[in-house]
Each structure stands twice: as structure tokens, then as C-alpha cells.
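See below for the structure under consideration.
Note that this is a predicted model, so its numbers are computed, not measured. Just so we're on the same page: letters track the sequence lines, and every chain starts at 1. The figures that follow rest on heavy atoms only: side chains count, while hydrogens, waters and symmetry mates do not.
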Protein chains: 2
Amino acid sequence: MATPNLDVFQVIADPSRRQILHLLTKNSYNINGLAENFKMSRPAVSKHISILQTAGFVTINEIGRERYCTLNQNGFIELQNWISYFDNFWISKLKKLEITLNKKTENL
Amino acid sequence: MATPNLDVFQVIADPSRRQILHLLTKNSYNINGLAENFKMSRPAVSKHISILQTAGFVTINEIGRERYCTLNQNGFIELQNWISYFDNFWISKLKKLEITLNKKTENL
DNA sequence: TACTTATATATGAAAACGGAAATAAAACAG
DNA sequence: CTGTTTTATTTCCGTTTTCATATATAAGTA
């Protein structure tokens with residue numbers, strides 16, 4: 001299918017894909033089952049799932065001709081790692097503020 | 001400027017914008033200062049900053065004709081909230097596994 | 001064979017990204 | 001105060017990418 005190799009940020013940028021992930025927190029679905037919950041066609045869902053799988057957000061269990069999708073944590077971890085870098089920024093900012101305040105209270 | 005009102009996911013989907021955010025963890029920059037760190041033009045940087053500001057990732061301090069950009073936590077919090085919903089999914093999955101294991105060990 | 005589930009391919013529409021040129025506004029030199 | 005430079009934005013344009021559909025194909029199932 002030549003699934004485009006999108007990074008995790010591009011993958012979750014699409015609202016339909018986020019909705020799919022949301023659905024998969026409730027249950028495991030095959031492509032048809034997912035498509036019933038959307039207005040888009042089955043080929044469209046199939047492509048999204050392919051993208052989600054490639055990026056590590058979804059795992060597929062093939063049972064006969066059906067493909068059951070469940071959430072995969074890997075994609076989320078990659079996102080979390082990116083955010084945690086900035087968390088450190090806020091934490092160190094708080095520390096600097098704390099130091100500044102301590103110095104000021106010393107002079108009281 | 002009619003900045004497109006992108007959601008936080010679309011905002012961080014662009015690599016240039018993520019690079020800008022990364023740079024802003026090191027320092028506060030004005031538009032020119034940012035542009036010096038990229039191959040793109042100043043208008044391009046200006047547009048990205050506008051998008052980042054609208055989405056709550058960046059705060060702008062105007063000093064004369066210059067506009068100094070610093071990180072704003074709001075955008076990151078919105079992202080974190082989305083991810084935390086899925087964190088709960090993994091946690092409850094672990095709990096279910098724990099219960100299953102407990103039942104099995106009861107039978108030993 | 002007929003039906004179901006899913007993917008592949010080709011196509012079209014919409015949006016994003018970036019550049020160039022024009023515009024706006026503030027700082028500054030003479 | 002006039003003209004110039006600097007900083008930044010706006011507008012317009014072209015390219016590229018993304019998303020979705022329709023159609024056709026492949027493979028499992030009854």
C-alpha cells in the first residue's frame with residue numbers, strides 16, 4: 001500500500017485518527033467495526049489504521065480475513081518523551097523562581 | 001493576518017514549529033533572532049510564531065518594534081491532558097491483568 | 001460460486017508550507 | 001522634521017502534501 005511513514009506528531013494531527021484511538025480505548029474493533037462508527041469509507045479507515053500501526057499506536061491481530069485492532073503504547077510513549085523535555089523546562093523555571101524568592105526573603 | 005486556527009495537534013505536527021519550541025527552551029528570541037537559526041525567511045517564522053501563539057505555546061512580549069517570544073505552558077498542558085486519557089487506559093489494563101493473575105494464584 | 005472483509009490504485013479537492021514583494025511601524029541620523 | 005534603516009506583518013502565489021472517494025482487485029468464508 002506504500003503507507004506514508006509519518007512521525008507520531010503528524011499521525012495524531014488528524015482528527016479521524018484521534019477518534020479511532022479514542023474508540024480503541026473502549027474495545028477492539030476490526031476495520032468494518034471501526035468504519036461503522038464513522039462517515040468515511042472502509043478504505044479510508046483501512047489507510048488510517050495502516051498509518052497508526054506503522055507509527056506504533058495500534059497493534060493488529062489477524063483472524064482469518066479480519067484484522068482486529070488494539071492500542072499499542074509505543075506511539076504514546078514517544079509523544080510523552082517529547083513533552084517531558086519541555087516539562088523539565090518548566091521545572092527548572094520554577095526552581096529559578098524559588099531561588100530568587102529565597103534570596104529576597106533572606107533580606108527581610 | 002488571518003492566522004489559521006489550528007488545534008494543538010496540528011500545531012506541533014510541523015517540524016519547523018517544534019524546532020522553534022525547542023530553541024525557546026534555551027532563550028527568549030525575537031523574530032529575527034529565530035530566523036537566523038533557520039533557512040526559512042522571516043515572514044515564514046513570523047507566521048509560525050503567530051500560529052504558536054494562537055494555540056497557546058508561545059507568549060509574546062513587545063518591546064518597541066521587537067517581539068520577544070517565550071514558551072507558554074498552556075499548549076503543552078492541553079497536549080498532556082489528551083495523553084493522560086490514554087494513560088488511564090494502560091493503567092486499568094494493568095489492573096485487569098493483576099486481578100487475573102491473583103485469581104490464578106488463588107487456585108494454586 | 002457468491003458473499004464478505006480488506007487493500008491497492010488512480011483521481012480530485014482542500015489545506016499547509018514557504019517565498020517574494022508590498023506595507024506598517026518604530027528607531028535613529030542628519 | 002525628513003529620510004533611512006530595522007523589525008515585523010500582510011498579501012499573493014505556486015508547490016507539495018494530505019485526505020477521501022470510487023473503482024478494481026485479492027483473499028478468506030459459506
Side-chain angles (χ1 to χ4, degrees), chain A residues 1-24 27-55 57-70 72 75, chain B residues 1-24 27-70 72 75 79:
Chain A
M1 199 230 271
T3 304
N5 207 344
L6 306 177
D7 61 46
V8 290
F9 306 99
Q10 290 173 301
V11 168
I12 63 159
D14 183 79
S16 300
R17 286 194 285 268
R18 290 201 303 278
Q19 267 188 273
I20 289 174
L21 293 176
H22 193 91
L23 257 180
L24 292 178
N27 246 312
S28 182
Y29 290 90
N30 63 5
I31 305 294
N32 264 339
L34 284 170
E36 285 169 10
N37 289 278
F38 295 95
K39 287 180 180 174
M40 60 182 162
S41 65
R42 280 176 286 198
V45 172
S46 177
K47 283 179 200 169
H48 282 308
I49 286 297
S50 180
I51 289 168
L52 286 166
Q53 184 197 21
T54 304
F57 284 97
V58 159
T59 303
I60 295 175
N61 299 304
E62 304 198 14
I63 301 178
R65 62 189 157 178
E66 297 181 49
R67 307 182 73 205
Y68 282 91
C69 309
T70 45
N72 177 354
Chain B
M1 200 233 268
T3 304
N5 207 343
L6 306 178
D7 61 47
V8 289
F9 305 99
Q10 290 174 298
V11 168
I12 64 160
D14 184 80
S16 299
R17 284 194 286 267
R18 290 201 302 278
Q19 267 187 274
I20 289 174
L21 292 176
H22 192 93
L23 257 180
L24 291 179
N27 246 313
S28 182
Y29 290 91
N30 62 6
I31 305 292
N32 266 338
L34 284 170
E36 284 168 10
N37 288 277
F38 295 94
K39 286 180 179 174
M40 58 181 163
S41 64
R42 278 176 286 198
V45 172
S46 176
K47 286 174 196 171
H48 282 308
I49 286 297
S50 179
I51 289 167
L52 287 166
Q53 184 196 20
T54 303
F57 285 96
V58 159
T59 303
I60 295 176
N61 300 303
E62 305 198 15
I63 301 178
R65 61 189 159 182
E66 297 180 51
R67 307 183 74 207
Y68 282 90
C69 308
T70 44
N72 176 355
L79 275 178

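- Look at Asn32(A) and you'll find a side-chain N or O under 4.0 angstrom from OP1 or OP2 of dA6(C).
- Between Ser41(A) and dT21(D) there is a side-chain N or O to OP1 or OP2 distance below 4.0 Å.
- One atom, CZ of Phe38(B), and another, P of dG18(C), lie 10 Å apart when rounded to the nearest Å.
- Of the possible polar contacts, none joining the Ser50(A) side chain to the Ser46(A) backbone as a donor-acceptor pair under 3.5 Å is found.
- Distances shown here put a side-chain N or O of His48(B) below 4.0 Å from the OP1 or OP2 atom of dG18(C).
- A donor N or O paired with an acceptor N or O is not found under 3.5 Å between the base of dT18(D) and the side-chain atoms of Lys47(A).
- Using a 4.0 Å cut-off, no side-chain N or O of Ser46(A) falls inside it from OP1 or OP2 of dA6(C).
- Taking atom CE of residue Met40(A) and atom P of nucleotide dG12(C), one finds them 22 Å apart after rounding to whole Å.
- Ser16(A) has a side-chain polar atom (N or O) that falls below the 4.0 Å cut-off from OP1 or OP2 of dA20(D).
- When side chains are defined from C-beta on, Val8(B) does not count as touching Ile12(B), because their heavy atoms never get closer than 4.5 Å.
- A cation-pi arrangement is not found for Arg17(B) relative to Phe57(B), the charged atom failing to lie both closer than 6.0 Å to the ring centre and inside a 45° cone about the ring normal.
- For the pair Arg17(B) and dC17(C), the criterion of a side-chain N or O lying under 4.0 Å from OP1 or OP2 is met.
- In this entry the distance linking CD1 of Ile31(B) with C1' of dA25(C) reads 15 Å, nearest Å.
- One cannot find a donor-acceptor pair under 3.5 Å joining the base of dT29(D) and the side-chain atoms of Arg65(A).
- The residue Ile63(B) sits apart from the nucleic acid: no heavy atom pair falls under 4.0 Å.
- Judged by distance alone, the side chain of Asn27(A) and the main-chain N or O of Tyr29(A) form no donor-acceptor pair under 3.5 Å.
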